[in-house]
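So the structure is just underneath, and the comments pick up after that.
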Protein chains: 2
Amino acid sequence: MARWQPGTRDRLAAAALELFRERGFDQTTVTDIATRAGLDKRTFYRLFGDKREALFSGGQMLQDMVVEALTESDAAPFDAVVAGFDRVAREIFADRLEFARARQSIIAASPELTERELHKMASLAAAVAAALRAKGVGDTAATLAAESGCTVFRVAFARWVSEPGAEPLADLIAEVTAELRAVTSAA
Amino acid sequence: MARWQPGTRDRLAAAALELFRERGFDQTTVTDIATRAGLDKRTFYRLFGDKREALFSGGQMLQDMVVEALTESDAAPFDAVVAGFDRVAREIFADRLEFARARQSIIAASPELTERELHKMASLAAAVAAALRAKGVGDTAATLAAESGCTVFRVAFARWVSEPGAEPLADLIAEVTAELRAVTSAA
């Protein structure tokens, strides 16, 4: 068996993104991706379940970071979740606007990828809710704080990738959080 | 061409639900469903795109009712959306707990159906946000009110179908709305 290559996963994910941009998702094969990365198909399948997964490579890191941040936080549940996404915005996305835009336009062009994205967001919300329950937050409150925090992140992220000259993602998260509080506050 | 049969759609949806319960979703064919309803396969495909759609037959009615209710409402955006789901709870689901439970357990058992359900919920939230924007609500506020209202409905619905002796859905919607406001209010 080949020695473990650090960065193999990143190389494959970067090659997939490049090819999906150049040729489109449907026109790219796993062999194309592996070849572009200077690797073989078997290596791809050791790391990813299918072609779609190469675009969702960073999802687990994002989830782990949100969960770790909220677990360490002493804030109220919703604030703790927002703090988790704030950390993600600063530590993962600060310099990655171009990457995020490229990825988003590939996903938006494919119903299959859009479905996978929805599925990943639902899994993220479930993981965040589970982490809150592990801290002793009640069942319904944990789900609501998790879902609301994920809504803030999705809306802020969508604005960040779609608005020309957008503010930094962390600033958008703070703004959208304030707007969510205003929208849901009792009249 | 056969004369239009009122109730054909409902008969097929009911037959599909029965068969999915008896045999499982994967083990049921479109021909089985049509036969159980006393109709043929062609009639099924005139009304539904595929086998999955027979389980999501009521989704358009639900969406139309929420949109109509919130469009008529003078309340603030989030309250208008909640009022829409309150109407749905009273007019569609009041006597349908057993149906909702059966449908939910079929969906939960199939990853394919769970994906379709996520997709339908995302479409519903998008339609609700569009209806709010048509009333003049700002872009971000419309999305946040729509997403938060859908979160309330999903959480209330999940409790309604899973808790033995659950309160009526409309009462759960009111409770979950209050809890969402509490969770997202500033500390």
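On a predicted model such as this, the values are computed, not experimentally measured, just so you know. A note on names: the letters A, B, ... follow the listed sequences, proteins ahead of strands, and every chain is numbered from 1.
Only the side chain of B:Arg159 has a heavy atom closer than 4.5 Å to any heavy atom of chain A. At a 4.5 Å heavy-atom cutoff, A:Arg116 makes no contact with chain B through either its backbone or its side chain. With a threshold of 4.5 angstrom between heavy atoms, B:Ser148 approaches chain A through side-chain atoms but not through N, CA, C or O. At a 4.5 Å heavy-atom cutoff, the contact between B:Val176 and chain A is made by backbone and side-chain atoms alike. Contacts between B:Val183 and chain A at a heavy-atom distance below 4.5 Å involve backbone atoms as well as side-chain atoms.
Within the model, atoms CG of B:Leu12 and OG of B:Ser57 stand 9.0 Å from one another, a figure rounded to the nearest 0.5 Å. Distance check: B:Glu175 CD to B:Asp171 CG gives 7.0 Å after rounding to the nearest 0.5 Å. Here OG1 of B:Thr29 is found 7.5 Å from NZ of B:Lys41. Values are rounded to the nearest 0.5 Å. In this structure, A:Glu117 CD and A:Arg52 CZ are separated by 11.5 Å, a value rounded to the nearest 0.5 Å. The structure places CG of A:Leu172 at 9.5 Å from CH2 of A:Trp160, a figure rounded to the nearest 0.5 Å.
Proximity to chain A among residues 62-75 of chain B is not found for any residue, judged by heavy-atom separations below 4.5 angstrom. Residues of residues 121-141 of chain B that come within less than 4.5 angstrom of chain A, heavy atom to heavy atom, are B:Ala122, B:Thr140, B:Ala141 in numerical order.
A:Thr35 and A:Asp32 are not linked by any side-chain donor-acceptor pair at a separation below 3.5 angstrom, with hydrogens and angles left out of the test.
Other residues, nucleotides and ligands place more than 12 heavy atoms under 6.0 Å from the CD atom of B:Glu163. Residue-environment remark: CZ (A:Arg21) stays at or below the threshold of 12 foreign heavy atoms within 6.0 Å.
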Pair B:Ile107, B:Phe56 - check side chain to side chain contact (heavy atoms under 4.5 Å, CB included), show working.
CA-CA 10 Å; B:Ile107 291 174; B:Phe56 296 95; 4.1 Å; yes
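A:Arg96 forms a cation-pi arrangement with A:Phe99, by the criterion of a distance under 6.0 Å to the ring centre and an angle within 45° of the ring axis.
By the 30° and 60° cut-offs, the orientation of the rings of A:Phe85 relative to A:Phe153 is parallel.
Considering all non-hydrogen atoms of both residues, A:Arg103 and A:Leu55 come closest at NE-O, 2.7 Å.
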